[in-house]
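A short write-up of the structure that comes next.
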Amino acid sequence: MMRKIPRILNLPKITDQRGNLTFIEGNRHIPFAVKRVYYLYDVPAGAMRGGHAHKKLEQFVIAASGSFTVVIDDGRRRRKFFLNRPHYGLYIPRMVWRELEDFSSGSICVVLASEEYDESDYYRSYKAFLKAFRNQK
Ligand code: TYD
């Protein structure tokens, strides 16, 4: 059983003279089945993405190209994860506030998600997230 805490998960990497190949199977390399994939690209220098938490959604974030930093706030403390290689990623469970920043020029952030897009699953205010987090304890 994979624990549902924010953490880096390493992915398989097949290397030969033609280059590298990495693959991800839902419920095997990451702890959920994938229902949606989206990606961020052409992010201008200095832009901040994310800035929300999810009631139910789980995500896995990969720097498919370039690099960026994911700030994770689990309601108790803040941690920063620097992503810069396509053969690992950051697992983000439900009820975790995240901010993505310091995107390098040309970077691509691929996100695998456990649910389809649903605006009602978002906490877009940090205050509302903290309140909900404290109420569930
Ligand atoms: P937003 O949540 O601001 O992106 P980020 O995760 O970087 O903070 O999403 C930007 C817009 O895109 C917003 O209007 C919602 C929409 N959107 C979809 O329609 N489908 C999706 O899967 C996602 C992630 C966003």
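Predicted model, so just to flag it, every value in this text is computed and none were measured. Heads up: numbering here begins at 1 and tracks the sequence. Each ligand, and each atom within it, is numbered from 1 in the order the structure gives.
- In terms of protein heavy-atom proximity, atom 22 (O) of ligand 1 is nearest to R36 NH1, 2.4 Å.
- Closest heavy-atom approach to atom 6 (O) of ligand 1 within the set E119, H52, R49, R124: this belongs to H52.
- In terms of N/O distances under 3.5 Å, ligand 1 is approached by G50.
- Aromatic pair F60/H29: ring centres not closer than 6.0 Å.
- Taking a distance limit of 4.0 Å, we find that atom 12 (O) of ligand 1 is approached by no protein heavy atom.
- Outside the 6.0 Å centre-distance limit, the rings of Y123 and H52 are not counted as a close aromatic pair.
- Less than 4.0 angstrom separates atom 15 (C) of ligand 1 from at least one non-hydrogen atom of the protein.
- The pair R78-E99 meets the salt-bridge criterion, with a side-chain N (NZ, NE, NH1 or NH2) lying under 4.0 Å from an Asp/Glu carboxylate O.
- Judged by distance alone, the side chains of Q59 and Y38 do bring a donor and an acceptor atom under 3.5 Å apart.
- Closest to atom 25 (C) of ligand 1, if we only count protein heavy atoms, is Y117 CE1, 3.8 Å.
- Less than 4.0 angstrom separates atom 3 (O) of ligand 1 from at least one non-hydrogen atom of the protein.
- Closest non-hydrogen pair, L83 versus V61, comes out as CD1-O, 3.5 Å.
- Counting heavy atoms from C-beta on, the side chains of T22 and P86 never come closer than 4.5 Å.
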